[in-house]
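Single-structure report; data block below.
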Amino acid sequence: QPGERRANSWTSWKTASRSLYETGKTLLAIDRYNAENLLDFAEVCKSQKKYLEARRYTGRYLQCFPDSEKALFMDSRLALLSENKDDALVEMSQIIEQNSSNPEYFVMRGEIYYGYEMWDLAAYDFSMALDITPYDARLNYLMGMCRYYQASDDKACFYWRRAATGKSR
């Protein structure tokens with residue numbers, strides 16, 4: 001019975017999700033000049049794993065509002081999900097220029113650099129995020145990995161200890 005209920009819940013969710021997608025398409029057709037609908041529908045496309053389609057809608061929004069931090073961040077996440085790291089990197093740099101107080105932005109750009117094995121740049125962004133959130137375990141772990149790949153074992157151990165214990169010593 002529990003497995004059957006789970007299967008029914010999953011089927012219901014998929015049906016509702018498909019219905020949401022169709023409703024969103026209809027809403028865009030009816031009210032295509034409401035820019036907020038573009039971002040909302042991009043989220044719906046993302047939930048359907050239609051990342052390239054979602055990027056079309058964030059792109060249209062960004063044509064009207066090129067400095068929108070929310071839209072740029074959403075588009076960079078979508079770029080990463082669609083494996084377009086170069087676009088994501090450019091957009092994250094633009095967002096950080098606008099707002100350097102959000103650690104999430106530095107973490108995301110640091111993760112892109114990390115994926116490219118650019119340890120110095122990744123470590124810089126992780127350290128900027130750690131200035132804002134010093135005891136974030138995952139961030140300390142990533143910083144430790146950067147230091148390890150930079151052949152700085154003592155510093156790597158420092159960050160790994162802090163990731164494990166939440167303390168600086």
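FYI, side chains are in, hydrogens and waters are out, and symmetry mates aren't considered; it's all heavy atoms of this structure.
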| Can Arg147 and Gln150 be counted as having a side-chain donor-acceptor contact under 3.5 angstrom? | yes
| query | In terms of hydrophobic clustering (I, L, V, M, F, W, Y; side-chain heavy atoms under 4.5 Å; direct or indirect links), are Trp160 and Val107 co-clustered? | reply | yes
| message | Looking at Ser93 and Leu89, would you say the former's side chain and the latter's main chain have a donor-acceptor pair under 3.5 Å? | response | yes
| Glu43/Arg77 ion pair, N-O < 4.0 Å | yes
| query | Among Tyr148, Trp119, Tyr124, Tyr141, whose ring-ring contact (aromatic ring centres under 6.0 Å, His included) with Tyr114 holds? | reply | Trp119
| Derivation of the side chain to side chain contact (heavy atoms under 4.5 Å, CB included) call for Phe73 and Glu69 | CA-CA 6 Å; Phe73 188 61; Glu69 191 176 313; 5.7 Å; no
| task | Could you tell me whether the side chain of Ser100 reaches within less than 4.5 Å of the side chain of Phe106, counting heavy atoms only? | result | yes
| Separation between CD of Glu104 and CD1 of Ile132, rounded to the nearest 0.5 Å | 11.0 Å
| query | Where do Lys85 and Ile112 come nearest, in terms of heavy atoms and distance? | reply | O-CG2, 4.1 Å
| query | Under the 3.5 angstrom rule, does the side chain of Asn140 hit a backbone N or O of Pro134 as a donor-acceptor pair? | reply | yes
| Given the rule that I, L, V, M, F, W and Y join up when any side-chain heavy atoms are under 4.5 Å apart, are Phe158 and Leu139 in one cluster? | yes
| Looking only at heavy atoms, what is the nearest atom pair of Ala42 and Tyr57, with distance? | CB-CB, 4.2 Å
| What distance do Cys45 atom SG and Leu78 atom CG have between them, rounded to the nearest 0.5 Å? | 9.0 Å
| said: How about CG on Asp154, more than 12 heavy atoms from neighbouring residues, nucleotides or ligands closer than 6.0 Å, or not? | reply: no
| task | State the OG1-NZ distance between Thr58 and Lys70, to the nearest 0.5 angstrom. | result | 12.0 Å
| request: Please tell me if the side chains of Glu53 and Phe41 come closer than 4.5 Å, counting only heavy atoms from C-beta onward. | output: yes
| task | Identify whether Phe65 and Met74 are in the same connected component of the hydrophobic contact network (ILVMFWY, side-chain heavy atoms under 4.5 Å). | result | yes
| Taking atom NZ of Lys50 as the centre, does the number of heavy atoms from other residues, nucleotides or ligands within less than 6.0 Å exceed 12? | yes
| query | Is Tyr149 linked to Phe126 within one hydrophobic cluster, defined over Ile, Leu, Val, Met, Phe, Trp and Tyr using a side-chain heavy-atom separation of less than 4.5 Å? | reply | yes
| query | Do Leu121 and Met143 belong together in a cluster built from hydrophobic side chains that touch within less than 4.5 Å? | reply | no
| Any side-chain heavy-atom pair of Leu38 and Gln63 under 4.5 Å | no
| note | What one should report as the nearest heavy-atom pair of Tyr105 and Asn99 is CD1-O, 3.6 Å
| said: Using every non-hydrogen atom in the two residues, find where Gly110 and Asp125 come nearest and quote the distance to one decimal. | reply: N-OD2, 3.6 Å
| What is the minimum heavy-atom distance between Ser76 and Ala88, and which atoms define it? | O-CB, 3.5 Å
| task | Compare all side-chain heavy atoms of Arg56 with those of Arg60 and state whether any distance is below 4.5 angstrom. | result | no
| field | Sole residue of Leu62, Ile95, Asp87, Leu80 in side chain to side chain contact (heavy atoms under 4.5 Å, CB included) with Asp75 | value | Leu62
| said: Between Met128 and Ile96, is the side chain to side chain contact (heavy atoms under 4.5 Å, CB included) condition met? List the steps. | reply: CA-CA 11 Å; Met128 294 298 286; Ile96 288 171; over 6 Å; no
| Ser82 side chain to Ala79 main-chain N or O, any donor-acceptor pair under 3.5 Å? | yes
| message | To check you understand the geometry: which heavy-atom pair defines the closest contact between Ala122 and Cys146, and what is its length? | response | CB-SG, 3.7 Å
